[in-house]
Protein chains: 2
Amino acid sequence: MTSPHHPLDEALQLHAASPPGASAGQYQGATHAGYWNMVGPFGGVTAATMLQAIAQHPQRLGDPLSLTVNFAGALVAGPFTVQAQPVRTNRSTQHWTLAIVQAGADGVQQVTTSATAVTALRRETWSVGDVPMPQVPAPAGQPAIPPGFGVEWLNRYEIRLITGAIPGTWDGTGEHSLTQLWVRDAPPRALDFCALAALADVFFPRVWLRRARRVPAGTVSITVYFHAGSAQLQQTGTGYLLGQAQGREFRNGFFDQTAQLWNQAGTMLATSHQIVYYKE
Amino acid sequence: MTSPHHPLDEALQLHAASPPGASAGQYQGATHAGYWNMVGPFGGVTAATMLQAIAQHPQRLGDPLSLTVNFAGALVAGPFTVQAQPVRTNRSTQHWTLAIVQAGADGVQQVTTSATAVTALRRETWSVGDVPMPQVPAPAGQPAIPPGFGVEWLNRYEIRLITGAIPGTWDGTGEHSLTQLWVRDAPPRALDFCALAALADVFFPRVWLRRARRVPAGTVSITVYFHAGSAQLQQTGTGYLLGQAQGREFRNGFFDQTAQLWNQAGTMLATSHQIVYYKE
């Protein structure tokens with residue numbers, strides 16, 4: 001079901017720019033208008049770009065286990081370079097340090113995004129999930145919501161909201177920050193680790209819902225833990241994911257936001273946490 | 001109340017090894033026998049060491065907001081070098097890339113630990129906490145538990161357990177993974193960001209409690225979000241913190257573990273998340 005012309009595949013196109021076999025991989029990419037947010041690319045696609053560089057690195061061991069992406073500075077429309085270095089490779093885990101650099105207005109290369117990741121070979125073990133998927137109506141019964149605010153990247157996702165929409169009126173009456181929704185790429189695309197990383201960041205800033213007030217807000221750092229292996233991703237295919245997000249502590253300019261993603265069969269695919277800047 | 005002879009201060013002693021004003025700070029430290037775990041230092045102290053390098057860096061802006069530490073390889077007893085580089089400094093946030101390197105058996109310097117951190121200047125804003133401190137008995141009424149397993153670092157903490165002790169018998173009967181406890185440094189030490197980072201990792205692996213089976217387990221990556229500023233830390237002083245930890249998804253060799261830390265006044269000081277390796 002994955003097409004080479006899917007917008008996500010276009011957005012994630014990277015070209016190796018370092019000699020084959022070099023330890024510090026360098027990859028050329030470019031921002032994609034289809035995933036544009038308010039003042040830069042959708043952060044989820046930036047996170048996915050980090051995983052894409054790892055996926056293409058000739059020394060990669062295993063699949064993504066954890067990813068932390070720090071949004072250090074604005075990525076402007078145009079080309080950028082991803083640096084991906086496996087700083088330590090063990091028997092079953094590999095540790096990565098990554099950065100996206102881009103020339104600033106003065107032509108000097110600057111770090112816009114830093115990251116670390118761990119990839120791992122997984123073995124079958126005793127397993128249990130202690131966060132069951134919430135009981136919610138099936139996606140077919142839920143309306144596909146309009147984006148709600150005018151950013152292009154939201155058009156790349158089919159979102160069927162269950163609870164916790166963007167407030168219709170910004171009147172300061174918010175009481176909670178819980179959103180539950182069904183989501184998948186639009187058009188549908190078979191799930192892979194890159195797409196999953198992006199989906200982990202699909203939720204609007206919890207402070208907007210909590211306050212029913214649209215203050216400036218932006219992710220500072222996001223961490224994604226991948227609980228699924230390739231087999232679970234293949235089983236998920238182009239199906240919907242149930243996503244749930246909630247803020248927890250809002251204090252003096254920053255709040256934390258947690259998210260969980262399950263497939264329709266009820267398998268937890270990923271969890272994520274982020275710390276988000278907000279104003280006022 | 002902080003003594004220069006407190007074991008945590010001893011463990012966190014770093015000496016600048018790079019020329020003053022150099023962007024990439026290099027600091028010499030050494031492991032401390034008082035914080036030894038089973039096969040290396042207590043991971044919480046390694047996390048705190050990263051913050052200590054930032055605290056000493058002449059270009060530091062603001063206080064810790066987030067910290068991700070990846071445990072890439074074993075840190076052996078003896079000296080190590082911390083590298084701390086501010087890769088991007090904005091008006092109110094600063095992004096750090098860090099590593100601990102140590103000579104291996106072959107004399108070659110290797111990365112044992114990688115990290116990223118964000119420091120920030122905080123301003124007073126609208127704030128709300130949506131995770132109230134659980135109602136639990138006061139610390140004075142709870143017994144100080146013996147360490148439960150023979151690792152030295154646990155003697156550096158005064159732990160008054162409320163629920164979720166290390167299983168007394170490893171009979172496979174576990175049903176949940178929730179631990180709640182009061183904790184502070186032993187001897188008492190006024191709370192700072194380094195101590196708080198270490199405290200965020202004070203919980204034993206949730207898989208032991210969940211399974212009532214002591215399988216090999218070790219943290220792969222931990223992220224700590226700091227919700228407190230210096231004022232809240234000063235208010236906390238040498239008081240107890242209420243710590244709560246729980247596992248969520250245990251799957252094919254890795255599980256995630258979340259933790260929250262409040263002071264006795266009920267202020268959320270930090271939250272943390274980690275992904276942990278386990279065997280079998």
Side-chain angles (χ1 to χ4, degrees), chain A residues 65-66 68 70-73 87-88 90 92-93 95-97 99 110-112 114-118 120 122-131 176-177 207 210-211 213 215 220-221 223 225 227-229 246-256 258 260 268 271 273 275 277-280, chain B residues 65-66 68 70-73 87-88 90 92-93 95-97 99 110-112 114-118 120 122-131 176-177 207 210-211 213 215 220-221 223 225 227-229 246-256 258 260 268 271 273 275 277-280:
Chain A
L65 174 68
S66 74
T68 295
N70 307 289
F71 298 93
V87 294
R88 178 98 179 209
N90 300 313
S92 63
T93 58
H95 288 255
W96 296 83
T97 296
Q110 280 199 93
V111 173
T112 65
S114 68
T116 60
V118 182
R122 307 188 78 138
R123 291 179 190 82
E124 208 166 302
T125 66
W126 171 90
S127 297
V128 71
D130 276 349
V131 185
H176 71 87
S177 67
V207 70
R210 184 63 181 83
R211 297 178 73 177
R213 189 161 170 217
V215 294
V220 176
S221 180
T223 292
Y225 295 148
H227 303 290
Q246 198 161 17
R248 308 207 298 183
E249 187 76 21
F250 304 77
R251 176 106 51 84
N252 293 341
F254 299 94
F255 69 91
D256 63 338
T258 71
Q260 300 89 41
M268 172 79 86
T271 48
H273 311 283
I275 187 102
Y277 159 81
Y278 68 96
K279 203 169 173 179
E280 299 165 30
Chain B
L65 174 68
S66 74
T68 294
N70 306 289
F71 299 92
V87 294
R88 179 99 179 210
N90 301 314
S92 63
T93 58
H95 288 256
W96 296 83
T97 295
Q110 279 198 94
V111 173
T112 65
S114 68
T116 61
V118 182
R122 307 188 79 138
R123 292 180 190 82
E124 207 165 302
T125 66
W126 170 90
S127 299
V128 70
D130 275 349
V131 185
H176 72 89
S177 67
V207 69
R210 183 64 181 80
R211 297 178 72 176
R213 188 161 171 216
V215 294
V220 176
S221 180
T223 291
Y225 295 148
H227 303 291
Q246 197 160 18
R248 308 207 300 182
E249 187 75 20
F250 305 76
R251 176 102 54 81
N252 294 340
F254 300 94
F255 69 91
D256 62 337
T258 71
Q260 299 90 40
M268 172 79 86
T271 48
H273 310 283
I275 187 101
Y277 159 82
Y278 67 97
K279 204 169 173 180
E280 298 166 30

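In what follows, every chain begins at residue 1, and chains take the letters A, B, ... in the order their sequences are listed. Atoms considered below: every heavy atom in the structure, side chains included; atoms not considered: hydrogens, waters and symmetry mates. What you see is a predicted model, and the numbers here were worked out from it, not measured in a lab.
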Any donor-acceptor pair under 3.5 Å linking the side chain of [X] with the backbone of [Y]?
| X | Y | answer |
| --- | --- | --- |
| A:N252 | B:T125 | yes |
| A:R248 | B:V131 | no |
| A:D256 | B:T271 | no |

(request) Compute whether any side-chain donor of one residue and acceptor of the other, for A:T116 and B:S114, lie under 3.5 angstrom apart. (result) no
(message) Any donor-acceptor pair under 3.5 Å linking the side-chain atoms of A:Y277 with those of B:T93?
(response) no
Any non-hydrogen side-chain atom of [X] less than 4.5 Å from a side-chain atom of [Y]?
| X | Y | answer |
| --- | --- | --- |
| B:D130 | A:Q246 | no |
| A:R251 | B:M268 | yes |
| B:H95 | A:V111 | no |
| A:Y225 | B:F254 | no |

Tell me, side chain or backbone of [X] under 4.5 Å from chain B's heavy atoms, or both, or neither?
| X | result |
| --- | --- |
| A:V118 | side chain |
| A:E124 | both |
| A:V215 | neither |
| A:T68 | side chain |
| A:T223 | both |
| A:T112 | both |
| A:R122 | both |

(request) Find the distance between NE2 (A:H273) and NE2 (B:H273) and round it off to the nearest 0.5 Å. (result) 4.0 Å
(message) Working to the nearest 0.5 angstrom, can you tell me the gap between B:H227 NE2 and A:F255 CZ?
(response)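 B:H227 atom NE2 to A:F255 atom CZ measures 11.0 Å (nearest 0.5 Å).
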Part of [X] lying under 4.5 Å from any heavy atom of chain A:
| X | result |
| --- | --- |
| B:A120 | side chain |
| B:V220 | both |
| B:N90 | side chain |

(message) Quick check for you: among A:G253, A:A117, A:A72, A:S177, which has the greatest number of heavy-atom pairs under 4.5 Å with chain B?
(response) A:A72
(request) Count the heavy-atom pairs under 4.5 Å between each of A:E280, A:R123, A:R211 and chain B, then report the option with the highest count. (result) A:R211
(request) Indicate the atoms forming the closest heavy-atom contact of A:W126 with B:Y278, along with that distance. (result)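 Closest pair (atom of A:W126, atom of B:Y278, distance): O-OH, 2.7 Å.
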(request) Among B:R88, B:K279, B:Q260, B:H176, single out the residue with the greatest number of heavy-atom pairs under 4.5 Å to chain A. (result)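 Most heavy-atom pairs within the cutoff with chain A belong to B:R88.
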(request) Return the option, out of B:V87, B:V128, B:L65, with the maximum number of heavy-atom pairs under 4.5 Å with chain A. (result)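 Looking at each of B:V87, B:V128, B:L65 in turn, B:V128 comes out on top.
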